[in-house]
Each structure stands twice: as structure tokens, then as C-alpha cells.
Amino acid sequence: MPLVLTNTLSGRKEPLVARQAGGVRLYWCGVTVYSRSHVGHARALVTADVLCRYLRARGLAVTFVRNFTDIDDKIIRRAAEVGIPAAELAEREIHAFGEDVAWLRCLPPTHEPRATAHIPAMLALIERLIGAGFAYPVADGSVYFRVRRFASYGKLSHRRLDDMETGEEIDAAKESPHDFALWKGAKPGEPSWPSPWGAGRPGWHIECSAMATEYLGQPFEIHGGGSDLVFPHHENEIAQSEADAGVPFADLWVHNGMITRGEEKMSKSLGNILSIADVAARAPAEALRLLFLGTHYRTPLDFSVTRLDESGRALGRLYEALARADEAAGGAPPAIALDGALADPVTGFLAEFCAAMDDDLNAARGLGLVFDRVRELNRLLDAGDRAAATDIRRELAVVGAATGLFAEPPAEFLESVRRRGQERAGLSAAEIESAIAARNDARRRKDFREADAIRERLREQGILLEDGPSGTIWKAG
RNA sequence: GGCGGCGUACCCAAGUGGCUAAGGGAGAGGUCUGCAAAACCUCCAUGCACCGGUUCGAAUCCGGUCGCCGCCUCCA
């Protein structure tokens with residue numbers, strides 16, 4: 001059964017069909033680099049990452065392009081506020097983005113083009129559109145797309161021009177309020193590039209049309225982004241690219257749902273932003289990924305630190321089981337090569353997992369299977385069945401590779417959680433160890449009152465003790 | 001006003017016509033333990049916003065009502 005994805009274009013689930021032998025092409029809209037990325041960006045990044053990972057795990061080669069919008073009104077405005085050139089601000093934010101995306105453990109795209117590095121391709125596209133009557137220059141050096149000339153305008157967002165509300169028309173130079181800028185004539189002091197229509201800079205949408213086509217050709221298989229990009233951004237990309245080439249731009253349009261905070265969309269204008277860096281200070285990256293994966297990618301997700309912490313607890317349970325399995329096997333975690341790891345799952349758990357993921361990337365259903373599998377793993381470990389446990393451990397590693405989960409060696413993951421808890425408790429490892437020694441001493445003397453008091457004191461500081469067959473261990477609460 | 005989506009247990013959430021409505025978090029009881037913790041076992045929605053309808057059969061399809069959200073302006 002092939003993978004189906006909900007195509008915004010049709011509103012239905014449609015099979016992914018490779019147009020070329022051996023692989024598919026994926027373009028995902030990246031970020032405008034003018035401030036630190038937030039949890040909403042993280043969800044889009046992780047959605048694309050899981051899609052890309054899963055496709056590769058299934059044996060498809062994926063050419064994955066994610067762009068940087070590194071010139072735009074917001075960048076210019078912000079740069080002016082900070083008092084540095086726009087290009088410098090963009091550079092700085094691209095670097096910060098790199099840290100965030102690395103923390104998220106997203107696979108690097110095949111290509112990560114910047115708008116400002118592709119101005120000639122945009123100019124060429126705009127010239128062709130003017131030549132074909134789909135665009136027109138105006139007096140101030142701007143060029144607009146003539147929306148009414150493109151008959152199927154609105155097909156992605158399912159709206160008709162006549163039904164749309166239009167805000168106040170500021171730019172009287174436009175023929176129609178719906179026309180959008182392909183090129184913006186430069187105002188004094190703004191960064192600009194030369195063009196046949198005078199100095200200016202590209203409009204927002206044109207970069208994706210130009211870069212997607214340059215790296216992927218047209219048509220290509222999948223174009224994605226946040227659902228807030230459906231209109232106007234993706235609608236306009238389609239208009240530009242299809243008016244120019246006369247063939248479809250992309251086959252499948254995939255959009256992830258928004259992150260909300262208390263039922264309201266998280267956005268800068270509402271001031272309810274939580275940055276990726278904020279989350280990183282509180283939880284491991286995979287806790288956030290697990291939280292995302294627990295809700296279908298198209299559904300809005302209400303983010304809260306409570307839910308983040310819950311996911312962190314669930315993640316800890318998962319890693320505990322993996323660590324037990326590795327310890328029982330007496331070795332390092334299994335090494336999994338992502339490409340083709342799920343190309344031919346025969347039966348059982350992995351086949352069920354694929355069935356869930358093949359159905360519009362239903363990772364939430366897949367996760368349910370994972371938790372069931374982990375319970376089985378613990379059961380086998382309790383029973384001392386190492387061989388069967390090792391098999392399951394390997395399956396979980398495969399699923400981990402395909403979803404970006406379980407990327408850390410479990411022992412190291414748990415150690416880092418311990419270290420975090422220890423720092424929070426303000427105790428040194430030696431202090432904890434000596435408390436444990438004192439408690440075990442008391443236990444040997446059957447002075448359980450004293451032993452329990454020591455344990456309780458540590459618990460109040462966030463350090464939990466567990467007495468196991470191989471002695472007493474501690475972890476963070 | 002136009003378009004799209006949502007309303008499932010204490011919280012989150014899967015589920016798109018038919019076995020006992022996944023899974024996670026929290027909670028309760030049990031096994032284990034000096035006692036705990038962890039792990040495991042058991043329990044936790046005769047019901048899926050509400051009202052009608054179609055059907056042998058609906059959380060799932062149709063109609064209506066109520067509530068919530070997103071897009072229509074920059075937005076992942």
C-alpha cells in the first residue's frame with residue numbers, strides 16, 4: 001500500500017507517486033530570518049523532518065529543499081531597529097536558526113538556498129511573466145502579478161477572488177487589489193539589487209517559485225509548509241510558476257496545523273511566543289518531538305509546558321526501557337542506517353507501524369504501537385528473555401530512525417537527565433553517593449527510620465532512589 | 001460575509017460504517033520490595049457536543065442546533 005498524504009489542493013488523501021525512478025522531491029518553506037524561531041516553526045520543521053525520514057526509511061531517495069527568506073520588509077525593519085545592515089541581521093539569525101534546528105535533530109536538507117543568492121533566476125522568471133502578460137511593471141519600479149489573468153487562481157485555498165475581503169488598498173498603482181508584488185522598487189536607504197525596472201528587491205513569493213524550480217524542476221512531488229502559508233503564499237507561488245511553465249508546480253501540497261497557546265494561535269502579534277531556545281532550556285528535544293508526534297500533523301496543537309513535561313515523562317519511560325534492553329544485551333545500542341530501514345517490513349509491529357505512517361503520516365497511531373511494543377519489551381526483560389528483547393530493541397531503533405526519536409544512546413540520555421536533576425537539586429554526585437551509602441548502611445543495621453529519612457530528604461530535593469538487584473541507583477524527579 | 005477545520009474519559013489524543021472506542025499523562029487496586037521507586041498485571045467513556053435522519057448496524061454518512069479555532073494582512 002502506498003503512502004497517502006492529504007493534499008490541500010484536493011482536500012483529500014492522495015497517493016505519493018514518484019515522477020522519476022528512484023526518488024521524490026520535497027520543497028518545504030523555511031523561515032524568514034529576522035528573529036529567533038519559535039515552537040510553531042519547530043512543528044513545521046519536525047513535520048518536514050519526519051516526512052523526509054519516513055520516506056527515506058521506506059527506501060525512497062528524497063531531494064529535500066528548505067529555503068531561507070533572507071530579504072524582506074520585516075528583516076529591513078528589524079535591522080533598522082538594531083542598527084545593523086539587513087544582511088548582517090539575516091546572517092546572524094541564520095546562525096541562530098542553525099542552532100535551533102540542530103537541537104531539534106532535524107536532518108539537514110539536501111539544499112538550503114537563500115533568496116538573495118538567487119536574484120537572477122527570479123528576475124528571469126519575472127521577465128517571462130511580463131512577456132506573457134501575467135505581470136506588469138509600475139512607475140515606482142515595482143512589478144505586480146496580474147491575478148485575474150491566471151484563471152485557476154484560488155484553487156489551493158479554495159476561494160474565489162470575489163469572495164475575498166480585501167483590506168484597504170494602499171498601493172493605487174496596482175490594477176487590482178489582489179495583485180501581488182513580484183518585485184518591490186527600492187525606497188531610499190533600503191537594500192536593493194539592480195533590475196530592468198530599477199533597483200529593488202524580490203517579493204516574498206517569487207523566491208520559492210524560482211528556487212524550487214532551480215533545484216527540483218517542475219513539476220515536483222511534494223510542497224509543504226505551515227497551514228498559514230496556504231494563502232496567499234502558496235497560492236501565489238502556484239500562480240507564478242504555473243503561469244510561467246504551463247504545467248503543475250507541485251503534485252501534493254502538505255500543510256501542518258498551527259501551534260496555539262490557550263486556544264489562540266501562537267504569533268508574534270499576539271505576544272504569546274515561546275521560542276525553541278525557551279523549550280531547550282526546559283526539556284530534551286525529543287520531548288518536544290514526542291509531543292508533536294502525539295497529535296496528527298494537520299491538527300492544531302495547543303502547546304503548554306504541562307504537556308511538554310508530560311511528554312518528557314513518557315520519553316523517559318521509553319528511554320528507560322531501551323537502556324534496560326541495551327544493558328541486558330551487554331552492548332551499545334543497535335546502529336541503524338536510515339535509508340531503506342523500513343523498505344520491506346515483513347510482518348508484525350514494523351508492518352503495523354508502516355500502515356499507520358502510510359496513512360497520511362499518522363504518527364500518533366504509530367506511537368500507540370510503540371508504547372505497546374515497549375511494554376512487551378519490559379515484559380520480556382522482566383522474564384529474562386534476552387533474545388526476544390534484542391529483536392524488539394532493534395525494531396524500536398528502526399522506528400526511532402524513521403521518526404527522529406531515540407537518537408541518543410539511552411544510557412547517555414538518562415545520564416543527562418540525571419545531571420540536569422542534580423544541578424537543579426544543587427548537589428554534587430559525591431554528596432548524593434555518600435547519602436546513598438549512609439542510607440544503605442542504615443538499612444544494613446535495619447534502621448529503616450533513618451534510611452527512609454535520608455531517602456525522603458533527597459526526594460524533597462528532586463532526587464529519587466531506586467533499590468534494584470544491583471544496588472541503589474538515583475535519578476532526577 | 002467567503003473558505004477550511006475542530007468538539008471522544010480528569011487532561012492530551014488515535015479512530016472516516018461492523019471485533020470488548022488505540023495510546024500517553026494523572027489516578028485507584030495488586031505482584032515485587034523492610035517500606036518505597038521502577039517494571040509488570042488489573043481498573044478508569046454501555047458511550048464519542050446536542051437534536052433528528054439514513055442503515056441490519058454510525059464516534060464514523062446526511063440535515064439541523066450550539067460552542068471553539070484557523071485563513072481571507074506579515075506569519076510555520
Side-chain angles (χ1 to χ4, degrees), chain A residues 8 11 13 28-32 34 37-48 69 72-74 77 154 157-168 170 178 204 224-233 235 255-260 263-270 290-291 293-296 298-302 304 306-307 309-318 320-321 324 356 359-360 362-383 443 446-449 451-452 455-456 459 464-469 472-475 477:
Chain A
T8 304
K13 292 178 188 174
W28 199 271
C29 282
V31 295
T32 300
Y34 73 107
S37 297
H38 56 65
V39 179
H41 298 116
R43 189 181 194 195
L45 291 165
V46 169
T47 301
T69 300
D72 129 291
D73 291 346
K74 294 189 294 298
R77 198 183 318 126
S157 53
H158 305 106
R159 57 191 78 193
R160 301 179 313 159
L161 287 175
D162 299 336
D163 292 337
M164 285 186 232
E165 287 179 353
T166 50
E168 277 178 55
I170 299 155
H178 297 294
W204 176 31
S227 63
D228 53 352
L229 298 183
V230 173
F231 191 91
H233 185 53
E235 195 72 70
H255 294 99
N256 64 273
M258 296 293 96
I259 294 287
T260 60
E263 303 285 284
E264 264 186 334
K265 178 180 166 184
M266 185 166 86
S267 73
K268 299 222 164 91
S269 48
L270 289 168
L290 193 67
L291 173 56
L293 259 25
T295 301
H296 186 89
R298 292 173 50 80
T299 307
L301 191 160
D302 197 36
S304 68
T306 305
R307 291 188 64 180
D309 291 345
E310 283 178 5
S311 292
R313 248 169 308 199
L315 182 69
R317 249 193 67 202
L318 262 18
E320 294 273 7
R324 279 185 77 193
D359 184 10
D360 201 18
N362 195 334
R365 203 163 93 207
L367 270 186
L369 298 166
V370 167
F371 280 103
D372 284 341
R373 207 60 178 153
V374 166
R375 184 174 305 113
E376 177 65 16
L377 174 61
N378 274 319
R379 223 176 339 227
L380 292 168
L381 257 12
D382 284 349
R443 289 174 72 205
K446 303 267 190 243
D447 184 355
F448 295 120
R449 180 190 297 263
D452 291 351
R455 183 172 63 196
E456 178 61 17
R459 195 191 65 78
L464 301 180
L465 300 189
E466 292 180 16
D467 300 323
T472 301
I473 59 163
W474 63 272
K475 57 185 207 176

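By convention in this document, chain letters (A, B, ...) are assigned in the order of the sequence lines, proteins followed by strands, and residues within each chain are numbered from 1. Model, not experiment: these values are computed from the prediction.
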Selected nucleotide, minimal atom distance to A/Asp382 side chain, candidates B/A22, B/C40, B/C12: B/C40
Can you find a donor-acceptor N/O pair under 3.5 angstrom joining the side chain of A/Arg375 to the base of B/C40? no
For A/Thr47, answer base if it contacts any base atom (sugar-phosphate contacts may also be present), sugar-phosphate if it contacts only those atoms, and nothing otherwise; contact means non-hydrogen atoms under 4.0 Å. nothing
For A/Lys265 and B/C71, is the shortest distance between a side-chain N/O and OP1 or OP2 below 4.0 Å? yes
Work out how far the P atom of B/G27 is from that of B/C71, and round it to whole angstrom. 37 Å
Sugar-phosphate only, base, or nothing, as touched by A/Ile259 at under 4.0 Å among non-hydrogen atoms: base
Looking at A/Asp382 and A/Arg324, is any side-chain nitrogen of the basic one under 4.0 Å from a carboxylate oxygen of the acidic one? yes
In terms of side-chain geometry, is the basic nitrogen of A/Arg159 or A/Glu235 positioned less than 4.0 Å from the acidic oxygen of its partner? no
Distance between C1' atoms of B/C51 and B/U42 (Å, rounded): 38 Å
Under 3.5 Å donor-acceptor pair, A/Asp467 side-chain atoms to B/C35 base atoms: yes
Can you find a donor-acceptor N/O pair under 3.5 angstrom joining the side chain of A/Asp452 to the base of B/G34? yes
Under 4.0 Å between any heavy atoms, over every strand shown, what does A/Ser227 touch: base, sugar-phosphate, or nothing? Just pick one. nothing
Distance alone, cut at 3.5 Å: any donor-acceptor contact between the side chains of A/Asp72 and A/Thr32? no
Give one of base, sugar-phosphate or nothing for A/Asn378, where a contact means two heavy atoms less than 4.0 Å apart. sugar-phosphate
Atom CG of A/Leu291 and atom P of B/A13: how far apart are they, to the nearest Å? 10 Å
Upstream residue (5' side of RNA chain B) when A/Gly11 and A/Glu310 are each assigned their closest nucleotide: A/Gly11
Is the shortest distance from a Lys or Arg side-chain nitrogen in A/Arg365 or A/Asp359 to a carboxylate oxygen in the other one below 4.0 Å? yes
Among the nucleotides B/G34, B/A37, B/U73, which one has an atom lying closest to any side-chain atom of A/Phe448? B/G34
Using whole Å, report how far CZ of A/Arg313 lies from C1' of B/G25. 6 Å
Does a distance-only test, which skips hydrogens and angles, find a donor-acceptor pair under 3.5 Å between the side chain of A/Arg298 and the base of B/G5? no
Could you tell me the separation between the CG atom of A/Asp359 and the P atom of B/A14, rounded to a whole number of Å? 12 Å
Rounded to the nearest angstrom, tell me the gap between atom CG in A/Asp309 and atom P in B/A26. 11 Å
Rounded distance in Å between the P positions of B/G4 and B/G64: 14 Å
Using the P atom in both, what is the distance from B/G63 to B/U54, to the nearest Å? 15 Å
Just by distance, do the side chain of A/Arg307 and the backbone of A/Asp302 share a donor-acceptor pair under 3.5 Å? yes
Does the distance from a Lys or Arg side-chain N to an Asp or Glu carboxylate O, for A/Arg459 and A/Glu456, drop under 4.0 Å? yes
Confirm from the modelled atom types if A/Arg455 and B/A36 form a donor-acceptor pair under 3.5 Å, side chain to base only. yes
Assign each of A/Met266 and A/Val230 the nucleotide of RNA chain B bearing its closest heavy atom; nearer the 5' end lies the nucleotide of A/Val230
Report yes if the ring of A/Phe371 lies under 5.5 Å from the six-membered base ring of B/G23 with planes under 30°, and no otherwise. no
Does A/His38 reach a base, just sugar-phosphate, or nothing at all? Heavy atoms under 4.0 Å. base
When you compare B/A26 with B/C69, how far apart are their C1' atoms, in angstrom units rounded to a whole number? 27 Å
Let me know the distance between CG of A/Leu380 and C1' of B/C40, rounded to the nearest Å. 12 Å
Between B/A38, B/G24, B/G15, which one does the side chain of A/Ala314 approach most closely? B/G24
Could you go through the side chain to side chain donor-acceptor pair (under 3.5 Å) check for A/Arg298 and A/Asn256 one step at a time? CA-CA 5 Å; A/Arg298 292 173 50 80; A/Asn256 64 273; over 6 Å; no
Any side-chain N or O of A/Asn362 less than 4.0 Å from the OP1 or OP2 oxygen of B/A14? no
Distance between the C1' atoms of B/A14 and B/G23, in whole angstroms? 7 Å
Using the C1' atom in both, what is the distance from B/A9 to B/A21, to the nearest Å? 11 Å
How many Å lie between NE2 on A/His233 and P on B/C72, as a whole number? 13 Å
For B/C68, which nucleotide is its Watson-Crick or G-U wobble mate, given both distances must be under 3.5 Å? B/G5
B/C72 and B/C56: how far apart are their C1' atoms, nearest whole angstrom? 46 Å
Just compare B/G25, B/C74, B/G34 and give me whichever is closest to any side-chain atom of A/Arg443. B/G34
